[in-house]
Every structure is written in structure tokens, then in C-alpha cells.
Amino acid sequence: MRVAACRASHYRVPREVWWPGGRIGASLYEISVIELVTLEVETDEGASGFGFTYTVGHGGSAIHALLEDAIVPELVGRDPHDVESIWHELHTKLHFVGAGGVTAVAIAAADIALWDVRAVAAALPLYRYLGVHRTSLPAYASAVNLALSTAELVEQMGGYRAQGFAALKMKVGKSLRDDVDRVRAVREAVGDDCELMVDANMAWDVAEAGRRLRVLEPFALAWLEEPLPPHDVDGFARLQRATSVPLAAGETLFTPDEFTPYFRRGAIRIPQPDVIRLGVTGWRRVASAALDAGLPVAPHFIPEIHVHLACAVPNALNLEYLPIFELLLEAPLRIEDGQATPPDTPGHGMRFSEQALSPYRAPTEEVQLR
Ligand SMILES: [Mg+2]
């Protein structure tokens, strides 16, 4: 089996299309546009695979150009079964473009497409192709909800609780007083038997994070996510030693090597690798390194692909259910009573609707939101 053809595409999709319910924000940003860069791969035997990555509003054209100019020429003619060596070759070839960032996410899109086409060609869902450890796992409901009022936040979290989710995640990163009031309101609304996680999206330094943790600890948080920027491994290590609340991070780490110092220093207890930055190959390396360090993995976002990866490793903790792309997809992920089950169609099964995306193929005048 050889890669016969590849097609890279770039879309800029405004918030109104994928999240018509209102504003969507976290501590350092509000999301008004998502850029999707997709890669379709076809083999000489007629199998097709799909990969993609995304950014929050910027840089999609750079990822698209790197795919077209530097990555697609390396894929055509190759056997998709060599995906793991291709991932390494591409990281070596593109090292001087940068060891993470645009390079990593472009390689991830290609890597996801190659794993998908392997599983499609084998007529197996990706989790079965990789090797089954479980056939479903607990999902937690997550929302990018710092832009909501406290009343709207409580309504949103209570709605997820009523749908059967036993764990919820909310944003923090307002003033200390506002954060405490919002966490208290949600905790009282959802009850003590519900797990509650909070996500600061890199809002603080070590001293401020320590101050916040002292007032948030009484709310029995299941974890505090990204209190600090990802480069501050030392800060994470100091903070983790000083608190009983597990620290989570990893969504803004782009290569497996960036996780290594976190594991060596015991700097976090919940690694959160993301396939759209690491690829399937890099994601599985992080999961394996976490297992060696005695840690679980809790995948970040993109539940439709991560449900397969999580079911194919022994140490997945849970799945982040954040249905941001649901309106753009041909089929939503199946969640029942807070449990996520991978689809039994071949490959990872995640496909964007051509009808939904095609008006937003970049560049277009109407989505030049400035
Ligand atoms: Mg997060």
C-alpha cells in the first residue's frame, strides 16, 4: 500500500457557525475564529484517510503552506505502515523551522491521516487497530466559559450534570473574588458527589497560583489545569509540592520531549497530551512515558479522535467532552450517562461535513474578522 495522493485544505470558520450560543472565552483569549487545516490521503489501493489540526484564529495559512511545500512531497509514494518513522523523519527534516509550533501541528495532521488510512485499509476502528484496552471510558463535560455570567455558568454546568456527566470542568482566571464566587456557585449547584476541575489557561505566576490554590482547595477540586505558562516546569514542580490539588498540563506542549522534564521532576499529576499537536505517534509516546512515570493521561479536547487513543492505552483517566466541532461534523461522538464509546466504523471516523466547511475555505472575504 502506497500513498497515491494528498489534498491539504485550509478553512477559517467564525464562531457563529460552530458555537451559535454566545461568547466563548478563557483567561487570556476569547475565540472568534477557528482555523482548520485538513489533510486527505488516498492510497493506490483505494483507501482514504483524514487528518487535521487547528489553531485559534491565526497561522492556518502557515500550516497549510508547510504541509503542501514540505510534508506532502514526503508522503506521496510512502507506505502508511511506516508512519512512525515518517513522523521522526519529518521532525528531523523540519527541525530548523522549529521543534514545535507550526512544524509540530502540520506533522500531526499528516500523522493522523496516515494512522487513519492504515486502520481504514484494515477495516478496523482505530482503537481496535491500535489494540483494545477498554471499549468505553468516562467523559467529563468541559466548557470555555469565562465569558459567561455566574448565572449562565451555573445553568451550563447544571445542564451537563443533568445529562449524566459525573465530572465537570470550568474556566477560572478572573479576579480571586470572582473565581471563588463562581467555583462556589457551581459546586453548590452540582453537589459534592460531582468531580469538579478548573482551568486557568496559563493566567498566573507561581506566587499568584499558590495564593489562588489556598482559597480554592476547600472546594475539593479534582485538578487545577494550566495555572502557569508551559515553559515554567520549575514553577509547576514547586507548586505541585506545595498543594494537595493535582496539577494538569500538556495541551500547549507540542512534542513528547517537552513532557519529559515534567515527568522527571514530578511537576504535574495529570498529563494532557493533544493529538492535533503531537500526532497519534507522539500522543502514544507521551502516554507510554506517563505510564512509566506512574501517571495517567487525560487527553485534551478533540474527543472524537481521543476516544480511540484513550481506549487503546492502559492509563487513560477520562475524556474531555467539549463539543466545539459538533455542528461541523458528519456524526457526533456517542456519549451515554457520561460514558464515551468509540464508533465501530473503520479508522477514527471523524469527518467534517463538506457542506458545513466549504463556505469557509480560506481565504474568503466574509471571514476576514478584524
Ligand atoms: Mg485547558
Side-chain angles (χ1 to χ4, degrees), residues 15 18-19 23-31 34 53-57 100-101 104-105 108 138-148 153 156-157 160 165 167-174 179 182-183 186 195-205 208-209 212-213 216 221-233 235-236 239-240 243 245-254 258-259 262 267-278 283 286-287 290 295-307 309-310 316-325 340:
R15 177 185 56 75
W18 43 268
W19 198 261
R23 294 166 64 199
I24 185 158
S27 59
L28 299 187
Y29 55 84
E30 195 160 317
I31 307 174
I34 281 183
T53 190
Y54 76 90
T55 71
V56 177
V105 297
Y140 70 89
S142 177
V144 188
N145 51 19
L146 206 63
L148 300 188
L153 169 70
Q156 181 189 55
M157 294 280 98
Y160 282 130
F165 288 98
L168 308 169
K169 190 169 85 188
M170 59 179 280
K171 297 297 187 188
V172 290
K174 287 176 172 289
D179 277 351
R182 290 162 71 86
V183 170
V186 170
E195 293 224 311
L196 182 60
M197 294 81 102
V198 298
D199 183 359
N201 289 100
M202 311 178 279
W204 305 317
D205 60 17
E208 183 61 19
R212 302 288 183 130
L213 272 167
L216 290 172
L221 301 176
W223 74 59
L224 166 63
E225 180 168 324
E226 281 199 314
L228 312 174
H231 64 265
D232 192 3
V233 184
F236 270 97
L239 203 57
Q240 187 62 89
T243 181
V245 177
L247 299 183
E251 70 178 78
T252 47
L253 302 178
F254 289 75
E258 292 177 8
F259 282 84
Y262 282 89
I268 51 173
R269 287 171 55 193
I270 315 284
Q272 299 177 294
D274 188 329
V275 71
I276 69 98
R277 300 191 176 116
L278 294 156
W283 194 98
V286 172
L295 297 172
V297 280
H300 168 251
F301 189 29
I302 318 293
E304 297 84 1
I305 296 179
H306 280 135
V307 70
L309 305 188
L317 180 64
N318 56 22
L319 186 74
E320 179 169 25
Y321 178 66
L322 176 54
I324 278 187
F325 290 138

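Read the numbers this way: they start at 1 and go in the same order the structure lists the ligands and their atoms. The residues of the chain are indexed from 1 along the displayed sequence.
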Residue from L168, N318, V245 passing side-chain contact (heavy atoms from CB on, under 4.5 Å) with M197 | N318
V297 and L309, any side-chain heavy atoms less than 4.5 Å apart = no
Would you please name every residue forming a ring pair (Phe, Tyr, Trp, His ring centres under 6.0 Å) with W223, sequence neighbours left out?
-> Y140
P230 versus F254: any side-chain heavy-atom pair under 4.5 Å?
-> no
Near the Mg ion (ligand 1), which protein N/O/S atoms are found at less than 2.8 Å?
-> D199 OD2, E225 OE2, E251 OE1
Does NZ or CZ of R269 lie under 6.0 Å from the centre of the six-membered ring of Y262, at an angle within 45° of the ring axis?
-> no
D179/K174 ion pair, N-O < 4.0 Å = no
